2 protein chains.
Amino acid sequence: MPHALHQDIRRLPLFSGIGEETFRDLMRAAYDQQMPPHVTVVSEGAPADFLHVVVEGMVELFASTNGRDATMAVVRPVSTFILAACVRDAPYLMSARTLQRSRLLLVPSVNVRAAVAADSRFALNAMQDLAGCYRGLVRHTKNLKLRNTRERIAAYLLRQSRLIGDAPGFTLPVEKRLIASYMGMTPENLSRAFKSLAADGCKIDGQRVIITDRARLEALAGLSLLLDGPDPDASAAGVSLPLPEAS
Amino acid sequence: MPHALHQDIRRLPLFSGIGEETFRDLMRAAYDQQMPPHVTVVSEGAPADFLHVVVEGMVELFASTNGRDATMAVVRPVSTFILAACVRDAPYLMSARTLQRSRLLLVPSVNVRAAVAADSRFALNAMQDLAGCYRGLVRHTKNLKLRNTRERIAAYLLRQSRLIGDAPGFTLPVEKRLIASYMGMTPENLSRAFKSLAADGCKIDGQRVIITDRARLEALAGLSLLLDGPDPDASAAGVSLPLPEAS
DNA sequence: GCGAGTGGTTGATATTTGTCAACCTTAAGT
DNA sequence: ACTTAAGGTTGACAAATATCAACCACTCGC
């Protein structure tokens, strides 16, 4: 595997500062896999045999029950997912499928568990990562329970804007159907809500978003928003959608 | 503080097996507080100065945005809450209020952070605890997104039953308004749903629940239930409601 | 024993959200 | 260039859920 890649992975908060030997052992045990698009790489309920690292492409984490299914997160390079199941040695609670041609690094869970036991810095990193994931999900759950669809959408767009430095314009990072599912609504509902937001300070045209009246949009989101900030728990990958692109 | 109490706390997964000295330092730094009912002990947005241990009584974790509020969990002795904010040195994402006269042990976050840094077993415990909390919340979120109110209730009741060993009869552990809010619905809606479940294998009379036709109730819950089991992530206190009492 | 407050239930009604079907647009494949 | 498939949008409609108001039952404090 190319050295540059290892560098990128090592720079992840989860791996940064851990023993050189720990890291090397993990990488050596890992499988490097190329996957075509639309392939299920993890099935919920299965034993968590691997920690996954997304190296190229894009992966959707989702959950399903008889028919229905819900997007839980979309993961882009370079980040890991399902650390929790891995350290708990418990079944996956989410499935994962590629959205594009992707490249994944599969690190056997046994090795991960050995590494947390052996390298206390790695354990601390894992702890921080999991705390961040947890907090990300707390925010998400609060969103689902405290806001209706329009408010959730407004809050989401404001958050996206803030994450790229309060730029008023940006591009949606993923397909709208994924955003809709992630936010617990139907695509139709999202579509209509997007349109109606024109009256509340935000214009959406295709993938392009322009916040025309931030104050108004914030009022709609039912702010008091420590709910989504001011601390983004940035490392909370694996429980959210990707960053948008400014423009 | 009585010795017996320390024993109970020490037996929590978070503290079990950690260095005697680590534990003693934490306990020595802690404040032992008696609180009357209906007192807010933690406000979301505030810096996370303390890890809280519920020693007696009952505490509700909740979140609120302009008017509305949502129950996130109910914590009973002996367990801890808001570990995540504490180790991240980040603001609380939830508020906490006593439901009854309660006794709390407040362990300063600085000491907790020092302890995880110094005692690698404690760090591993914290990691496991946070992984459990995360997984608990994942289940909860899946529930919210994939099931409607009746299904959520059916699933909840089945879960409660399973947690006490598949007893068909039990007593609801908390007030119905809390259950309703936790599950993201209004009390009125919960009340009606409870009544309607009589036709689907479950009878609710006041606090008493009797599952009369488990198979039928499971069918309604839209099972395939790895969703709530078979691994309860038991240590996931702080993200769920208390256990019911069998009867 | 009595009044007040809280939680719970019920009914009528409004709002929100989902469903279904049609259609449009775009990108990919032949 | 044509066809196909997928994502997205729109409208009409249905279902789920919330809201509001009244009422009941129970507990607590006097």
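No experiment lies behind these values; they were computed from the predicted model shown. In what follows, chains are A, B, ... by sequence order, proteins preceding strands, each numbered from 1.
Contact between the side-chain N/O atoms of A/T186 and the OP1/OP2 oxygens of C/dT17 is not found at any separation under 4.0 Å. Within the structure, a side-chain polar atom (N or O) of A/N189 is placed less than 4.0 Å from OP1 or OP2 of C/dG18. Contact annotation: B/S191 does not reach the phosphate of C/dG8 (side-chain N/O to OP1 or OP2, under 4.0 Å).
The backbone N or O of A/A221 sits less than 3.5 Å from a side-chain atom of A/R147, completing a donor-acceptor pair. With hydrogens and angles ignored, the 3.5 Å screen pairs a side-chain donor or acceptor of A/K142 with a backbone N or O of B/L93. Judged by distance alone, the side chain of A/T98 and the main-chain N or O of A/P36 form a donor-acceptor pair under 3.5 Å.
Distance, B/R147 CZ to D/dT17 P: 13 Å, rounded to whole Å. Atom CD in B/E175 sits roughly 12 Å away from atom C1' in D/dT27 (whole-Å rounding). The CD atom of B/E188 sits 14 Å away from the P atom of D/dT17 (whole-angstrom rounding). For A/K145 and C/dT16, the NZ to P distance is 21 Å, given to the nearest whole Å. If you take CG of A/L144 and P of C/dT16, they are 18 Å apart, rounded to a whole angstrom. Distance B/R68 CZ to D/dA18 C1': 12 Å, rounded to the nearest Å.
For D/dT19, the base has a donor-acceptor partner in the side chain of B/R192 [N/O atoms by modelled type, under 3.5 angstrom].
Residues from residues 194-207 of chain B lying near DNA chain D, meaning a heavy-atom separation below 4.0 Å, are absent.
Judged purely by distance below 3.5 Å, without hydrogens or angles, the side chains of A/S161 and A/R214 pair a donor atom with an acceptor atom.
For the pairing with A/E60, the salt bridge (charged side-chain N to carboxylate O under 4.0 Å, His left out) check across A/R76, A/R97, A/R177 returns one residue only, A/R97.
Ring geometry for A/Y182 against A/H140 counts as parallel: the plane angle stays under 30°, on a 0 to 90° scale with 60° as the upper cut.
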